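The block underneath contains the structure these notes are about, expressed in structure tokens.
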Amino acid sequence: MDFSPPPVRPRGESIVPMINVVFLLLIFFLMTSQIAPPEPFEVAPPTATSHQSTDTDVTLYIGKTGDIAYQEYRGQDAVAQAARAGAEAKTFRIRADAELDGSALAALLKSLSAYPLRAVELVVTPQ
């Protein structure tokens, strides 16, 4: 009869440090990520049959009542600030409401012609 103590099995590695690292990385990425700012007001863009995406950060918003916004700027200040930023960008987007009067959009495009923009695109919803 063998009365010696049974052999002690080595403990497995603890997974707690790895879980801590994963949570720290998750918190780091959540804190450093940039969330897109909300649109200044509701805009329903018109529809189109073809769709081409653009890669620009300059978007000028126009509401159905003719309100113009770019970031925190409103009115003609928004047009001027967006046009200055759009001169550096590849393209310049206008996100207009579908119910906006065409003459208001034409007046905006005329005021934008004074700035050195490479390309101006109207954002539409594909059908």
Side-chain angles (χ1 to χ4, degrees):
M1 209 137 193
D2 185 16
F3 289 111
S4 63
V8 179
R9 289 192 223 167
R11 288 186 63 188
E13 301 236 354
S14 177
I15 196 166
V16 174
M18 187 174 71
I19 293 172
N20 289 342
V21 169
V22 169
F23 279 119
L24 286 174
L25 286 172
L26 178 66
I27 290 170
F28 172 77
F29 287 121
L30 286 175
M31 296 299 289
T32 59
S33 65
Q34 182 178 359
I35 299 173
E39 294 182 357
F41 41 78
E42 181 79 24
V43 174
T47 59
T49 55
S50 67
H51 177 69
Q52 183 179 9
S53 64
T54 59
D55 54 345
T56 181
D57 292 331
V58 181
T59 303
L60 186 65
Y61 295 91
I62 307 170
K64 60 183 165 185
T65 60
D67 299 328
I68 301 172
Y70 172 69
Q71 294 178 347
E72 69 272 358
Y73 303 101
R74 301 290 183 265
Q76 290 303 319
D77 289 338
V79 174
Q81 292 295 329
R84 285 189 200 112
E88 303 291 325
K90 184 177 179 182
T91 56
F92 182 88
R93 285 190 283 183
I94 297 175
R95 189 172 171 95
D97 195 280
E99 297 178 19
L100 177 69
D101 187 35
S103 61
L105 184 60
L108 174 68
L109 290 174
K110 185 176 180 183
S111 66
L112 286 174
S113 67
Y115 298 96
L117 300 173
R118 294 184 187 145
V120 177
E121 295 181 355
L122 180 63
V123 176
V124 295
T125 304
Q127 285 184 337

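Remember, predicted model here, so these are calculated numbers, not experimental data.
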If you compare all heavy atoms of [X] against all heavy atoms of [Y], which two are closest, and at what distance to 0.1 Å?
{"X": "Leu122", "Y": "Ala96", "value": "CD1-CB, 4.0 Å"}
{"X": "Leu60", "Y": "Ala82", "value": "CD1-CB, 3.9 Å"}
{"X": "Tyr61", "Y": "Pro40", "value": "CD1-CD, 3.8 Å"}
{"X": "Thr59", "Y": "Arg95", "value": "CG2-CB, 3.9 Å"}
{"X": "Arg74", "Y": "Gln71", "value": "NH1-O, 3.1 Å"}
{"X": "Tyr115", "Y": "Ala83", "value": "CG-CB, 3.3 Å"}

Would you please name every residue forming a side chain to side chain donor-acceptor pair (under 3.5 Å) with Ser14, sequence neighbours left out?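 For Ser14 there are no side chain to side chain donor-acceptor pair (under 3.5 Å) partners, ignoring immediate neighbours.
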
Among all residues two or more places apart in sequence or in another chain, which pass the side chain to side chain donor-acceptor pair (under 3.5 Å) test with Thr65?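 Partners of Thr65 under the side chain to side chain donor-acceptor pair (under 3.5 Å) test: Asp67.
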
Given the rule that I, L, V, M, F, W and Y join up when any side-chain heavy atoms are under 4.5 Å apart, are [X] and [Y] in one cluster?
{"X": "Val123", "Y": "Val120", "answer": "no"}
{"X": "Ile68", "Y": "Leu105", "answer": "yes"}
{"X": "Ile19", "Y": "Leu26", "answer": "yes"}
{"X": "Phe23", "Y": "Ile15", "answer": "yes"}

Got more than 12 heavy atoms from elsewhere within 6.0 Å of CD, Glu72?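 Count over threshold, so yes.
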
Taking Tyr70 as the fixed residue, which of Val79, Val58, Asp77 is the one that meets the side-chain contact (heavy atoms from CB on, under 4.5 Å) rule?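 Passing option: Val58.
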
What distance separates [X] [atom1] from [Y] [atom2], expressed to the nearest 0.5 Å?
{"X": "Leu108", "Y": "Ile94", "atom1": "CG", "atom2": "CD1", "result": "5.0 Å"}
{"X": "Glu13", "Y": "Arg11", "atom1": "CD", "atom2": "CZ", "result": "11.0 Å"}
{"X": "Lys110", "Y": "Leu112", "atom1": "NZ", "atom2": "CG", "result": "12.5 Å"}

Taking side-chain contact (heavy atoms from CB on, under 4.5 Å) as the definition, give me every residue that meets it alongside Phe28, ordered by chain and number, with sequence neighbours left out.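 For Phe28 the side-chain contact (heavy atoms from CB on, under 4.5 Å) partners, ignoring immediate neighbours, are Thr32.
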
